[in-house]
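This is a predicted model, so every value here is computed, not measured.
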Amino acid sequence: MTRAPASIDDVIADLEEIVLYNEKAANPMGYFAALYNRVTEAVREAIAGGDFQDGPRMERLDVIFASRYLTAYHQYRGGQLPPRSWLQAFQAAHDPEHIVLQDLLIGMNAHINLDLGIAAARVAPGNDLPGLKTDFDRINVILSRLTPVVAGELDELSPVFEKLVEELPFHGRLVLGFSMRAARDLAWKFAGELADLSPVQQLPLMAKRDDWVYALGLPILADYRIVRKIKARESGDVAANIRALAEGEFERIYR
């Protein structure tokens, strides 16, 4: 990324570049980017369709929000340190024992629990924040599609998933039960904590939040028995998996 994106079209172009690079390299870092690009395209369509009260403001929110992921990604690829929760997500992609779903969820953990509140506070600081709430909730409906878990698609993929909660009721929820609703609510609350502060004053809260989000990521990446079962049914063709996520055909990842 040689320049910061100025529009949602720029964001999509940057995401597509990341997806293509990681598809060619067969690098699981492309999983999150592929799914995220689909969601960003959906946001662009919603803005163009007049689904938000303030379309231009929502485009600014999308750009600020996505830029945090793009910056963290390029920091990591360039040998710099991204936020701790993003470092956790990027390093997790190199663990061959993780399943695709874990790579998606750990990316969501950093992006929703850390980045979304920051982006909201930046696009609507101070007294402007309450006026963002309606559109914030609308965009969250689209963001909820970031994982096939929320969309309910996993139920039809494999009998392994049907056994998940039965076999490991607590740990199963930790792996598959990333709560988009709770994450959105917490992101909005975090935005409220930041909105009245200057960017410099926000930094300590952001650092503390980053540590908390990192801790939330630990159970997502744990080596549960059910994860090993899922891994045995999962395609090992990373490039094909990235294409499946990019095309919305998640079921192709499972045999």
Side-chain angles (χ1 to χ4, degrees), residues 15-16 18-42 69 73 76-77 85-113 143-180 183 214 216-255:
L15 289 171
E16 288 176 346
I18 291 173
V19 172
L20 182 60
Y21 175 86
N22 285 288
E23 181 186 335
K24 289 181 177 178
N27 188 329
M29 287 181 70
Y31 292 158
F32 180 81
L35 199 57
Y36 187 31
N37 189 48
R38 283 174 52 207
V39 174
T40 305
E41 289 174 342
Y69 161 70
Y73 173 87
Y76 179 74
R77 290 296 313 278
S85 52
W86 271 120
L87 179 63
Q88 180 186 47
F90 296 142
Q91 289 179 330
H94 300 297
D95 187 333
E97 299 306 315
H98 289 153
I99 59 175
V100 173
L101 183 59
Q102 286 175 301
D103 286 328
L104 297 177
L105 293 180
I106 198 63
M108 288 174 55
N109 181 54
H111 205 33
I112 305 297
N113 281 320
L143 289 175
S144 69
R145 301 169 193 161
L146 193 60
T147 171
V149 177
V150 178
E153 296 173 9
L154 286 179
D155 292 339
E156 301 176 2
L157 296 183
S158 167
V160 172
F161 290 101
E162 296 175 7
K163 300 292 184 181
L164 182 62
V165 177
E166 294 177 17
E167 295 187 13
L168 295 173
F170 174 69
H171 292 133
R173 292 191 190 98
L174 290 177
V175 177
L176 292 183
F178 177 93
S179 173
M180 181 64 72
Y214 171 86
L216 286 182
L218 294 175
I220 293 174
L221 298 175
D223 181 25
Y224 304 115
R225 177 161 48 103
I226 191 63
V227 168
R228 294 193 293 273
K229 287 188 176 183
I230 295 171
K231 186 69 178 179
R233 299 285 298 270
E234 191 171 84
S235 166
D237 188 335
V238 174
N241 292 346
I242 291 172
R243 288 194 295 273
L245 290 168
E247 296 166 6
E249 298 179 0
F250 191 80
E251 65 276 5
R252 288 189 357 227
I253 297 172
Y254 294 91
R255 296 187 282 268

**Asked** With a 4.5 Å limit on heavy-atom distance, are the side chains of Met108 and Asn113 in contact?
**Response** no

**Fill in**
CD1 (Ile220) and CG (Leu101) are apart, to the nearest 0.5 Å, by 9.5 Å

**Message:** Testing Leu105, Asp95, Ile106 one by one against Leu221 for a side chain to side chain contact (heavy atoms under 4.5 Å, CB included), which residue passes?
**Reply:** Ile106

**Message:** Is there a side-chain contact between Ile242 and Asn22 in this structure, where contact means two heavy atoms from C-beta onward sitting under 4.5 Å apart?
**Reply:** yes

**Message:** Are Val238 and Tyr31 packed together at the side-chain level, in the sense that at least one heavy-atom pair is separated by less than 4.5 angstrom?
**Reply:** yes

**Complete:** Tightest non-hydrogen contact, residues Gly107 and Phe32, listed as C-CE1, 3.5 Å

**Asked** Hey, does Tyr76 have a side-chain heavy atom less than 4.5 Å from the side chain of Gln91?
**Response** yes

**Request:** Evaluate the side chain to side chain contact (heavy atoms under 4.5 Å, CB included) criterion for residues Leu87 and Tyr214: first the C-alpha distance (whole Å), next the side-chain angles of each, then the deciding distance (0.1 Å), finally the verdict.
**Result:** CA-CA 9 Å; Leu87 179 63; Tyr214 171 86; over 6 Å; no

**Asked** Quick one: does Glu247's side chain get under 4.5 Å of Arg38's, heavy atoms only?
**Response** no

**Asked** Do Val227 and His98 come close enough that some side-chain heavy atom pair is under 4.5 Å?
**Response** no

**Flag side-chain contact, heavy atom, 4.5 Å: Tyr36 against Ile18** = no

**Asked** Is there a donor-acceptor pair under 3.5 Å between the side chain of Glu234 and the backbone N or O of Val100?
**Response** yes

**Asked** Pick from Met29, Glu23, Lys24: which one makes a side chain to side chain contact (heavy atoms under 4.5 Å, CB included) with Asn27?
**Response** Met29

**Prompt:** Are side-chain heavy atoms of Lys231 and Gln102 found at a separation under 4.5 Å?
**Reply:** no

**Expected output: side-chain Asn241 to main-chain Ser235 donor-acceptor under 3.5 Å** = yes

**For Asp103 against Ala92, the heavy-atom pair lying closest together** = OD1-O, 3.6 Å

**Request:** Locate the shortest heavy-atom distance separating Ala34 from Ala246; write the atom from each residue and the value.
**Result:** CB-N, 3.8 Å

**Message:** For Trp86 and Tyr73, I'd like to know if the aromatic rings sit close, meaning centre-to-centre distance below 6.0 Å.
**Reply:** no

